[in-house]
Structures are given as structure tokens and as C-alpha cells.
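Written below as C-alpha cells is the structure these notes are about.
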Number of protein chains: 2
Amino acid sequence: MVSNVFDLEYRTRRVSALRTRLAESGCRITPQRLAILDALVNGASHPTAEEIYALVLKVSPTTSLATVYKTLDTLKALGEVQELELGSGRNHYDAVDPVAHPHVVCTQCGRIEDVRIEGASRLLEEASRASGYQLLTERLEFFGICHSCQTTKN
Amino acid sequence: MVSNVFDLEYRTRRVSALRTRLAESGCRITPQRLAILDALVNGASHPTAEEIYALVLKVSPTTSLATVYKTLDTLKALGEVQELELGSGRNHYDAVDPVAHPHVVCTQCGRIEDVRIEGASRLLEEASRASGYQLLTERLEFFGICHSCQTTKN
DNA sequence: GTGGGTGCAAAGGATTTGCACCTCC
DNA sequence: GGAGGTGCAAATCCTTTGCACCCAC
């Protein structure tokens, strides 16, 4: 179920931090929101709203998909969730590491993984200088075939 | 109307090349398609489907939006148009330079511009090496405030 | 107690599709 | 002449919204 590189201790702390952040922002802590936070951090990495919803239902069966979207909106506004729009029709969400970072996407199986790129941090300021824009954030996404799909015959 | 850096001569040649490409791919050359090619290359840079449609209507008033989308699909399949999904709800299209390249996006006025970044070409192979993916294409997008919006008081 | 949160259902909006008619080659 | 393209309208699908009810603080 857990396919990201962040260990259990980190993820436990992350859920606490998100909970605290919500509370300190004047938001109420509801069972639905707790279930959503858990699904976001401890479920499969880069989940869709639908995938979060499926996990939440196991714990809180009357929760609605609309509530999932509303909570994601709240977390986005707090900067605690990054929304990944990869053109697949549905968006993915990253609350484990909400700071913009590069991703690789498998165009065959849809898998999404973080990728470390030397010098990626320099790109934003370089783009700022070259364009004259006051740049705040970025999206770095790479598309291709993952290792697993490379070795699997169709 | 023309806000990109590609000059008239280049754009005229580009329209010809697209027309030839369609013909050689077994596609028919219709007045609608010619109008769409012209709008894509000679209209404002990085247009939406709706913006292309508006330009096409001036020349070919009975054309439908569905035809615009279908032709864009055809050109995408040929690799002659790049689809930019910037999360604004509507997609933008680049047929002037269909090869993936970095863009800066103004979050205030929506302007999109090409930006040259030193060493951007190295990123794909670096991401390939770091991830083990067989990467084919990328998206490099930077978001912030354009020069014009910086100097304009709200 | 009360204002924010929830759940339902309906709306929204860009894009896609089905199909009868048309036209480019 | 016939396959491919067009135009209309309806369908799709993710996401958002309105509103009455509920519950965390």
C-alpha cells in the first residue's frame, strides 16, 4: 500500500502536523478530516480524490466525495497539499511533501514517483531572470515508461 | 495579434509544413483545417480551443468547435501540436514549436510565454538516470507574475 | 448555541462522441 | 464513388456548488 520513500515515523509526524495546522487555522477537526489526512499520508502515494475517498470509506462509510474535495481545497489553500494536474483527466494530490518537486509519470500504468534532479532548484531563478517574471512556483514533470512496464511484455 | 517571437517568414513556412504533413499522412485538406492551421500559427501564441475557434469563425463561419477539437487531436497524434495543460480548466495549444520546451505562466493575467533555460535539455536524461524510467517527454512550467502585471496597480 | 462542516443531488464546463450528411481526392 | 470530414446535439466525467441538517468547539 505504501509506495513512497517516506518512512512510518515521518508519515506519523506528518499527519500530526497537518492536524495541528488545520486546528490552528481555525478549522474543526472532524472524523472525516482525520480519515482524509490518514489516507493522504499513509495510503498510496500521489492518490486521486477517488482513491482517497475509497480509503476514507473504509473508516468513515458515510463520508461523501464532496467532503473529500472540500478538504483538499482547504489543505491546498494552506499550502499543505500539492495538486498534480497531469492531463489524465483526474488530479493527483501530494500531502506528504507539499513543496513543488519533480515527478516522473509512467504513461503506461499511470504510476507517479518523485525524482531527484541535480540543479532543479536553480531552474526557478534562472527562468525568473530569463523571463522577467516574478516566479513563485513550478511544475517539473517527466513522462515515459517505468521500470516495471519496460520488463513486462504486452 | 502576434505575440510570439517567431517571425512572419517562419510562420508562413510552418503553415505550409503542417499542411504538407497532414496531406502526406493521408488526411484531407479542407477549408476548415486550413483555417485552423492559420489560427494556430498566426494567431495569438498558445491559444485555447475556444480562441482558435473564434479566429476560424471569421474565415469559415459555419465551422464547429467539435471540428476544432478533432483537428487538434489529429495534429497531436502527428506530434505537430503540443497540448499545454496548465490547470486553468482549459487547455492551450502550441503548433508553432511543437517540441516540449519550458513556459512561464502569469497567474494574474494568464499570459503564457516561452522561456529559454540554460541546461534544460539535460534534465530529461538526468531524470531518466535517477528514476530508471525510459523518459520520452517533459513539462517544465513556471508560475508567477509577468512584467506587465508587476507594474500595474490593482 | 452557533457557525463551520457534512452529505446529497444537481449544476458546471471543457472535451468527446454518435450519427446523418457532405465533400475532397 | 467512397472513405474521411463536418456539424449538431447529446453524453461524459471530474469537480464544484446550494442548501438543509448536524456536530465540534
Side-chain angles (χ1 to χ4, degrees), chain A residues 18-37 39-40 46-54 56-78 80-93 110 112, chain B residues 18-37 39-40 46-54 56-78 80-93 110 112:
Chain A
L18 286 170
R19 181 184 170 140
T20 305
R21 187 76 208 288
L22 279 176
E24 290 180 347
S25 306
C27 294
R28 290 183 188 167
I29 305 303
T30 63
Q32 293 90 333
R33 284 183 169 167
L34 289 177
I36 292 167
L37 294 184
L40 269 168
H46 310 99
T48 62
E50 204 70 55
E51 287 166 348
I52 295 162
Y53 179 52
V56 168
L57 281 187
K58 293 184 183 175
V59 172
S60 176
T62 65
T63 304
S64 72
L65 185 53
T67 295
V68 173
Y69 276 111
K70 283 168 185 165
T71 296
L72 287 171
D73 278 346
T74 302
L75 292 170
K76 272 191 285 175
L78 292 173
E80 297 292 350
V81 149
Q82 214 204 338
E83 191 172 44
L84 302 176
E85 295 161 306
L86 301 170
S88 61
R90 57 189 83 149
N91 296 340
H92 294 255
Y93 298 88
I112 303 168
Chain B
L18 286 169
R19 180 184 170 140
T20 305
R21 187 76 208 288
L22 279 176
E24 291 181 345
S25 305
C27 294
R28 291 185 187 164
I29 304 304
T30 63
Q32 291 91 332
R33 284 183 168 167
L34 289 178
I36 292 168
L37 294 185
L40 270 168
H46 310 99
T48 62
E50 203 70 56
E51 287 166 347
I52 296 162
Y53 178 53
V56 167
L57 283 185
K58 292 185 184 175
V59 171
S60 175
T62 65
T63 303
S64 73
L65 186 54
T67 295
V68 173
Y69 276 111
K70 284 168 185 165
T71 296
L72 287 171
D73 278 346
T74 303
L75 292 170
K76 272 191 284 175
L78 293 173
E80 296 292 350
V81 150
Q82 214 204 339
E83 191 172 43
L84 302 176
E85 294 161 304
L86 301 170
S88 61
R90 58 190 82 149
N91 295 340
H92 293 255
Y93 298 89
I112 303 167

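What you see below is based on every heavy atom in this structure, not just the backbone, and it leaves out hydrogens, waters and symmetry mates. Letters A, B, ... are given to chains in the order of the sequence lines, protein chains preceding strands, and every chain is numbered from 1.
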Handout entry: Among C/dT6, C/dC25, C/dT17, the nucleotide that comes nearest once only the side chain of A/T30 is considered
Key = C/dT6

Problem - Between P of C/dT15 and CG of B/L72, the distance in whole Å - result: 9 Å

Handout entry: Separation of C/dG4 C1' from A/I29 CD1 (nearest whole Å)
Key = 12 Å

Practice task
Could you please name the option among C/dT15, C/dG5, C/dT6 that lies closest to any side-chain atom of A/C27?
Solution key: C/dG5

Problem - Any donor-acceptor N or O pair under 3.5 Å, side chains A/Q82, A/Y93 - result: no

Exercise for the section: Grab the CD-P distance between B/E85 and C/dT15 for me, whole Å please. Expected result: 9 Å

Handout entry: Proximity to the side chain of B/Y93 - top-ranked nucleotide from C/dT6, C/dT15, C/dG4
Key = C/dT15

Exercise for the section: Give a yes/no on whether any side-chain N or O of A/T62 is located under 4.0 angstrom from OP1 or OP2 of C/dT6. Expected result: no

Problem - Length of the CZ-P vector between B/R28 and C/dC22, whole Å - result: 15 Å

Problem - Contact nearer the 5' end of DNA chain D, comparing A/N91 with B/K70 - result: B/K70

Handout entry: Pairwise side-chain contact, A/L34 with A/V59, heavy-atom cut-off 4.5 Å (strictly under)
Key = no

Practice task
Check whether any side-chain nitrogen or oxygen of A/R33 sits under 4.0 Å from OP1 or OP2 of C/dG5, and answer yes or no.
Solution key: yes

Exercise for the section: May I have the distance from B/L34 (atom CG) to C/dC24 (atom P), rounded to whole angstrom? Expected result: 10 Å

Problem - 5′-ward residue of the pair A/A66/B/Y69 relative to DNA chain C - result: A/A66

Problem - Set of residues satisfying salt bridge (Lys or Arg N to Asp or Glu O under 4.0 Å) with respect to B/E85, sequence neighbours excluded - result: B/R139

Practice task
Determine yes or no for a side-chain-to-main-chain donor-acceptor pair under 3.5 angstrom, with A/R19 supplying the side chain and A/I29 the backbone.
Solution key: no

Handout entry: Check: B/L40 and B/T71 side chains under 4.5 Å, non-hydrogen atoms
Key = no

Exercise for the section: Could you check A/I36, A/V68, A/T67, A/T48 and say which one makes a side-chain contact (heavy atoms from CB on, under 4.5 Å) with A/Y53? Expected result: A/V68

Problem - Ionic contact status for B/K70 with B/D73, cut-off 4.0 Å - result: no

Practice task
Check every atom of C/dT16, C/dT6, C/dG3 against the side chain of A/Q32 and return the nucleotide holding the closest atom.
Solution key: C/dT6

Exercise for the section: Under 4.0 Å from any heavy atom of chain A: name the first and the last nucleotide of DNA chain D that qualifies, 5' to 3'. Expected result: D/dC14 to D/dC25

